[in-house]
Structures are given as structure tokens and as C-alpha cells.
K.L.:
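Let me begin by handing over the structure; questions about it come next.
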Amino acid sequence: ICLQLPPYFLLLQCDSKENFLFHRRSDVLMMTPWFAPIVWEGTYNSEILNEQFRRRNVTVGLTVFAIKKYTVFLNKFLETAETYFMVGHRVNYYIFTDRPEEVPKVPLKEGRNVVVLQVQNYPRWQEISMRRMELINSFSQQRFINEVSYLVCVDVDMRFNDQVGVEILSNLFGTLHPHFYAAERQSFTYERRPASQAYVPRDEGDFYYAGGFFGGTVMEVYKLTKKCHEAMMVDKAKGIEAIWQDESYLNKYFVYYKPTKILSPEYLWDDDLGRPEILKKIRFLALPKNHAAIRNK
Ligand code: UDP
Ligand code: MN
């Protein structure tokens, strides 16, 4: 009887894992109250999604900053991205660096390019991290808008460890911070000083998002980075820097411009937190680093 009903009915009626329409998990939140999907392994069908994005011949831009000593991370980052990032799709890697001669030559698959963008450095690591907003913003307008459909903006002190594909793409997406995905709102480390442009009141905010993985269409990333950079400049003029730099301004933005898709911590994990049962895949993993040694000249 069940088989004669239309497929969407199957989804409602048949509790069978063999049914390819069965992509559901009961142990995690799969959707926000504003109907944005939260991407966990087991909640989507990558065959269907790959076909949809291939048909559109989508090109994805991956922005990454390797300023000063952080160029040491590029080799592993690019090598693992070739194995796991947007496999089968067109990719431009945009590498912002002050040391173009230190960008390694990594063999690339067809349809994938490295673009080195030379930029200045800053003495403080906090400023290097925050200025990413300004640079992504200005290059979005000058260049990215003509070359790619989506931007994915990530930290470089990372390695890909499993598939990161088109399931992440949406108009505007953020990633649940691995320290806070299961935490209560009152423990979120939003900026709490009302004088800061990044201020989030105690009774607002949905999730705590990671600064190291966000993206969307070039237009949405342009708007996000513009707002965040402007907020930083207002604060800077008053001698204020938000508690977690760019991450704080990003979190403020997402309170009022809610993401249309949210990535689970599978997409930004740190093994200092162990490997809880809830994680079926660890796709993008923080590398251990000696902060004192690597952050200064
Ligand atoms: N970064 C850089 N050079 C620096 C400091 C930071 O290129 O000297 C960039 C790099 O892309 C890095 C990001 O800024 O991944 C954020 O800094 P970091 O990863 O040190 O912050 P954390 O993840 O430890 O909070
Ligand atoms: Mn990092």
C-alpha cells in the first residue's frame, strides 16, 4: 500500500533506513525556528545535491589568509582540500598573504585554481584576524563577484579530514562553534559591553558561531563583511576591540541577519574536545599550534 503513494508520503509513513528519502536524525537539532537547515551527517543526500549544483556549473571561492608565519599551514590545508573540498565542482582558492613566495605549489585537479592575493600585514595577530573582513569585502566587490557564485571563508590553521561539499552552500551560512554547540545561551561568549558595536544583550542570540568558517553568495558575504568591518572601525575609534575580535562581530551580525543554513561542528572541530558520539564525521579539523611562537614575527 505504502509503495503506491507519492514519494513525500513515503517519507511520512515509512520508517526505513533503506528508503532513500529517509534522511533524519533524532539526536540533533536539524532545523532552526526560522527554517534554516542545520547540516549534520545523515540529514541530506549528497548525490541529489551534487547533481543540482553541477547542473548550475557553480564555482566556489575558498578564501584563506596566511599572513606572516601562518604560511606554514598552506601545504596541508591545500593538499587536504584537494581531497575533500567540493570534489567534482569548480573551485578557486583565494590565498591572501604578505609572503607570496612562500605559497607552496600543490598539484590541483581539473577545474581548480589557486589565486594568490598579496596584502599587507599588521603587527598584532588580533588585527590580522579582524582585517580579514575588510579584505574579503573589498575583493568581493572588485573580483570575487565576477569569478564565483559562493564564498567559503575559513581559518588556515586547519586540515580537511572528510567531505566538505555543496551541502554547505546557501545564501548565508555560519558554523556552530565546537565549544558551544550544546551550551546554553547564557554561556555564549558574545561581546557583553554595551559600548561595543558587537554587543549582544543577554536575552538575544540563537547560537554561538565560529569565526573560522562562514560564507554564502558573494553578495551576502559582501554585506556581512561590510557591516562587520564598519562595526570594528566604529569601535576602534573609541578604543574598543571586541572580546573575540572578528568572531564577536560575526556573532552580532547573525543575531540580526540570520543564516539561511547552519553547519554542525563537524565542519570545524577541535580534538581537544574529544570525539563525541554525535559526530559521525569530522570534516575540518583544527591543527595544534604553539600560539606564542606562531603569532609573532
Ligand atoms: N592569521 C594569519 N597570520 C597571523 C595570525 C592570524 O594569517 O599571524 C589568520 C589565519 O588565517 C588564522 C586566522 O587569521 O587561521 C585566525 O587566527 P588564529 O587561527 O590564530 O585564531 P584561533 O583559531 O586560534 O582563534
Ligand atoms: Mn584558527
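Note that the structure is a prediction, hence the values are computed from the model and not measured. One-based numbering, in listed order, for ligands and for the atoms of each.
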K.L.:
Backbone, side chain, both or neither: what part of Ala286 comes under 4.0 angstrom of ligand 1, heavy atoms only?
P.N.:
neither
K.L.:
Under a 4.0 Å N-O cut-off, is there an ion pair linking Lys223 with Glu220?
P.N.:
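Judged by the 4.0 Å cut-off on N to carboxylate O distance, Lys223 and Glu220 do form a salt bridge.
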K.L.:
Between Glu247 and ligand 1, find which residue part has any heavy-atom pair under 4.0 Å and reply side chain, backbone, both or neither.
P.N.:
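Under 4.0 Å from ligand 1, Glu247 contributes no heavy atoms.
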K.L.:
Counting from 1, what ligand 1 atoms have a heavy atom of Ile67 closer than 4.0 Å?
P.N.:
2 (C), 3 (N), 4 (C), 7 (O), 8 (O)
K.L.:
Quick check on contacts: which atoms of ligand 1 are under 4.0 angstrom from a heavy atom of Ala66?
P.N.:
7 (O)
K.L.:
Would you find more than 12 non-hydrogen atoms of other residues, nucleotides or ligands less than 6.0 Å from Lys227 atom NZ?
P.N.:
no
K.L.:
Would you mind telling me if ligand 1 is within reach of the side chain of Met158, the backbone, both or neither, using heavy atoms under 4.0 Å?
P.N.:
neither
K.L.:
For ligand 1, which atoms, with element, lie under 4.0 Å from some heavy atom of Arg295?
P.N.:
18 (P), 20 (O), 21 (O), 22 (P), 24 (O), 25 (O)
K.L.:
Would you sort out whether Phe180 and Tyr208 count as a ring-ring contact (aromatic ring centres under 6.0 Å, His included), showing the intermediate values?
P.N.:
CA-CA 6 Å; Phe180 300 100; Tyr208 190 78; 4.9 Å; yes
K.L.:
Short question: side chain of Lys76, backbone of Asp157 - any donor-acceptor pair under 3.5 Å?
P.N.:
no
K.L.:
Need the ligand 1 atom indices (1-based, order shown) with element for anything under 4.0 Å from a heavy-atom of Ile128.
P.N.:
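Close to Ile128: 1 (N), 2 (C), 3 (N), 4 (C), 5 (C), 6 (C), 8 (O).
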K.L.:
What are the atoms of ligand 1, with element, lying closer than 4.0 Å to any heavy atom of His291?
P.N.:
24 (O)
K.L.:
Taking N or O atoms only and a 3.5 Å limit, does Lys289 qualify as a polar contact for ligand 1?
P.N.:
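Between Lys289 and ligand 1 (N or O atoms, distance only) the closest approach is under 3.5 Å.
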K.L.:
At the Mn ion (ligand 2), what angle lies between atom OD2 of Asp157 and atom OD2 of Asp155, rounded to 10 degrees?
P.N.:
150°
K.L.:
Which of the atoms in ligand 1, numbered in the order shown and given with their element, are less than 4.0 Å from a heavy-atom of Val156?
P.N.:
10 (C), 11 (O), 15 (O)
K.L.:
Establish whether Phe77 and Val152 are linked, either directly or via other cluster members, by ILVMFWY side-chain heavy-atom contacts under 4.5 Å.
P.N.:
yes
K.L.:
From atom 16 (C) of ligand 1, work out which of Asp157, Asp98, Asp155, Asp270 has a heavy atom at the shortest distance.
P.N.:
Asp155
K.L.:
Does atom CD (Glu47) have a neighbourhood of more than 12 heavy atoms from anything else shown, all under 6.0 Å?
P.N.:
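No, the 6.0 Å shell around CD holds no more than 12 heavy atoms from other groups.
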K.L.:
Give me the one residue out of Glu230, Glu241, Glu127 that meets salt bridge (Lys or Arg N to Asp or Glu O under 4.0 Å) with Lys236.
P.N.:
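One option only clears the test, and that one is Glu127.
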K.L.:
Looking only at protein heavy atoms, which one is nearest to atom 13 (C) of ligand 1, and how far off is it?
P.N.:
Arg132 NH1, 3.3 Å
K.L.:
Output yes when a side-chain donor or acceptor of Lys109 lies under 3.5 Å from a complementary backbone atom of Glu82, and no otherwise.
P.N.:
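The answer is yes, because a donor-acceptor pair under 3.5 Å joins these two groups.
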K.L.:
Nearest 0.5 Å, what's the OH-OG1 distance between Tyr253 and Thr225?
P.N.:
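Output value for this atom pair is 8.5 Å.
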K.L.:
Between Phe65, Tyr70, Trp125, which one has a non-hydrogen atom sitting closest to atom 18 (P) of ligand 1?
P.N.:
Tyr70
